[in-house]
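Reading through the structure tokens given below for one structure.
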Amino acid sequence: MNTTHTTHTELSTEDVVRTFVEYYEERGHHRITGSTLLPPPGDPVLFTTSGMHPLTPYLEGRPHPLGRRLVNVQRCLRTTDLDEVGDSTHLTVFEMLGTWSLGDYEGQQSLTWGYDLLTGGFGIDPRLLHATVFGGDDQVGPDTASLELWQDRGVPVELTVEDNWWSNGPTGPCGPDSEIFLWTGDTPPESTPTGDDRWVEIWNHVMMRHRRLADGTLVPLPQRNIDTGLGLERLASLLQGRTSVFECDIFDPWRRLVPGLWPLDEPTLRLVCDHLRSAMVVIGDGVRPANTGRGYVLRRLVRRVLTVLWRDDSSRQLVDLPSELTRHTLEHFRQDVDMDAEVVRRVLVEEERRFRQLLERGRQVLARPRFQGPLGEEDLHYLHDTHGLPRDLVLTLRQG
Ligand code: SER
């Protein structure tokens with residue numbers, strides 16, 4: 001990644017948060033406290049996946065007690081990106097810096113402030129920015145206001161359709177968006193965001209003015225909102241000139257402590273740090289391993305870690321994880337360190353014990369003559385229903 005796009009001395013992640021929040025407070029925004037990873041009742045997803053989730057009722061018209069301009073830091077969990085974890089820009093649990101205009105200012109104002117903060121506040125070279133804008137479809141026209149704003153600023157723009165429409169799920173508040181990308185290549189910028197993945201998306205400004213109904217039609221929301229979201233770790237690592245989110249300061253203790261405990265190659269190290277850190281936050285927010293819903297996501301995170309750790313050495317155990325990592329993570333997410341650190345340790349150790357038992361049972365059952373040939377659907381159902389062996393576990397054991 002290019003290390004020369006800022007003129008500032010290195011900003012820590014905490015500095016990035018402070019600069020961002022103060023900038024918006026100076027422009028009349030009130031800071032609201034971020035919520036946990038558990039979305040409010042009635043939300044269609046298992047975890048909060050973006051800063052706007054907890055604000056849905058206010059985007060739909062309910063007056064917010066702190067007014068029409070808000071700013072916050074919200075932790076989010078995205079399982080849609082799970083397969084991308086380990087690349088340079090995706091984490092399972094990450095934090096989103098967000099701003100909202102609840103029926104107050106419009107998109108051009110939001111983009112202007114965004115551009116000024118990135119270039120002035122964070123010192124990003126404006127020549128390294130690219131924008132994308134909604135080009136229109138058969139229901140909603142092109143976002144000409146955003147297009148004109150970027151053209152006035154001399155920022156190159158690409159028009160897209162699906163990539164510039166943001167929604168929270170199949171139904172609910174949604175709208176066209178304008179995304180800001182930062183060039184991370186070692187050469188001068190080239191191509192466009194959809195044409196070259198060295199353009200990394202850093203900030204999304206959504207013109208949240210529609211609601212999609214179950215039959216697919218769009219109706220206007222009672223007010224015209226703006227909802228913006230900026231991935232904290234991604235921006236921090238870019239400002240710190242690091243080549244991946246795993247190298248920003250948040251991961252310093254992980255990079256210092258994990259390799260001494262378990263020698264792992266870089267992709268495995270990233271996966272282990274990402275999933276363990278995510279599991280800790282999820283447990284801190286009150287989730288426990290289970291076979292369905294949120295608990296299943298947690299279970300998958302922990303079991304994936306164990307599976308890769310045991311590939312080389314099955315004596316590795318989570319109980320050896322330095323407590324500094326748990327404390328650092330819980331503290332970062334403003335969870336109750338004293339109470340939760342012990343709970344996190346217990347939950348991880350117990351899940352490991354169950355998984356070892358399950359693997360052991362799986363190996364024994366699969367050694368029976370009946371399962372020596374190729375396994376059909378019926379076998380997989382039987383192994384699941386009678387022996388509690390999930391399909392993915394059976395397939396892993398067969399490969400191993
Ligand atoms: N809701 C939008 C997003 O998640 C902007 O905050 O990208």
Side-chain angles (χ1 to χ4, degrees), residues 16-17 20-21 23-24 29 31-32 34-35 37 39-40 43-60 64 68-82 84 89-111 113-115 117-118 130-134 140 143 146 160-182 193-194 199-212 221 223-235 238 245:
V16 174
V17 173
F20 184 91
V21 171
Y23 180 88
Y24 280 96
H29 294 67
R31 181 171 186 168
I32 51 170
S35 309
L37 284 170
D43 200 294
V45 299
L46 289 177
F47 288 102
T48 295
T49 59
S50 117
M52 57 74 68
H53 261 131
L55 292 171
T56 305
Y58 308 104
L59 291 162
E60 290 181 328
H64 193 284
R68 291 181 173 277
R69 298 182 183 194
L70 306 174
V71 58
N72 87 350
V73 188
Q74 172 65 49
R75 55 178 169 272
C76 302
L77 185 150
R78 290 193 179 174
T79 47
T80 41
D81 294 340
L82 214 51
E84 288 170 285
T89 53
H90 289 90
L91 295 170
T92 305
V93 168
F94 63 98
E95 286 184 286
M96 200 182 263
L97 296 169
T99 63
W100 291 273
S101 156
L102 301 172
D104 188 347
Y105 55 85
E106 292 270 328
Q108 286 198 335
Q109 177 64 82
S110 182
L111 295 173
W113 280 335
Y115 176 84
L117 174 58
L118 291 176
H130 204 304
T132 61
V133 163
F134 182 67
V140 177
D143 179 5
S146 301
T160 87
V161 181
E162 282 91 15
D163 285 353
N164 283 104
W165 184 268
W166 201 86
S167 64
N168 179 20
T171 59
C174 54
D177 66 40
S178 180
E179 300 180 352
I180 306 174
F181 289 76
L182 178 61
T194 62
W199 287 109
V200 171
E201 182 202 332
I202 51 171
W203 202 345
N204 189 10
H205 293 235
V206 186
M207 324 306 159
M208 189 85 67
R209 351 179 148 119
H210 306 274
R211 186 210 311 268
R212 191 170 305 275
L221 283 173
Q223 65 197 22
R224 291 161 68 88
N225 309 290
I226 304 294
D227 152 47
T228 86
L230 179 154
L232 173 61
E233 298 82 355
R234 201 181 278 188
L235 180 68
L238 290 166
V245 281

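Order of appearance sets the numbers: ligands from 1, and atoms from 1 within every ligand. As the structure is a computational prediction, the values presented were derived from the model and not from experiment. Each residue takes its place number in the sequence, starting with 1.
With respect to atom 7 (O) of ligand 1, the closest heavy atom belonging to the protein is Asn204 ND2, 3.1 Å. Of the protein's non-hydrogen atoms, Asp227 OD2, 2.7 Å is the one closest to atom 1 (N) of ligand 1.
Ligand 1 places these atoms under 4.0 Å from at least one heavy atom of Ser50: 1 (N), 4 (O). The distance from ligand 1 to the heavy atoms of Met52 drops below 4.0 Å at these ligand atoms: 1 (N). Atoms of ligand 1 lying under 4.0 Å from at least one heavy atom of Val206, given by number and element, are 2 (C), 5 (C).
Remark: distances from the non-hydrogen atoms of Met208 to ligand 1 are all 4.0 Å or more. Under the 4.0 angstrom criterion for non-hydrogen atoms, Arg78 is in contact with ligand 1.
Where the criterion is an N or O separation shorter than 3.5 Å, residue side chain and backbone included, Gly229 meets it with respect to ligand 1.
Looking only at side-chain heavy atoms (C-beta outward), His90 and Val245 stay at 4.5 Å or farther from each other. Between Val45 and His53, some side-chain heavy-atom pair lies under the 4.5 Å cut-off. Contact of the Ile32 side chain with the Tyr58 side chain is not registered, since no non-hydrogen atoms from C-beta on lie closer than 4.5 Å.
In this pair, Tyr24 and Trp203 present their aromatic rings perpendicular. The plane angle is above 60°, beyond the 30 to 60° band. Using bins of under 30°, 30° to 60° and over 60° for the plane-to-plane angle, the ring pair Trp165/His210 lands in the tilted bin.
Neither the backbone nor the side chain of His205 comes within contact range of ligand 1; no heavy atom lies under 4.0 Å. The proximity of Thr228 to ligand 1, defined as any non-hydrogen pair under 4.0 Å, is limited to the backbone.
Ring centroids of Tyr105 and Trp113 are separated by less than 6.0 Å, placing the two rings close together.
Each of Arg69, His29, Gln223 was evaluated against Asp104; a single residue qualifies, Arg69, per the side chain to side chain donor-acceptor pair (under 3.5 Å) test.
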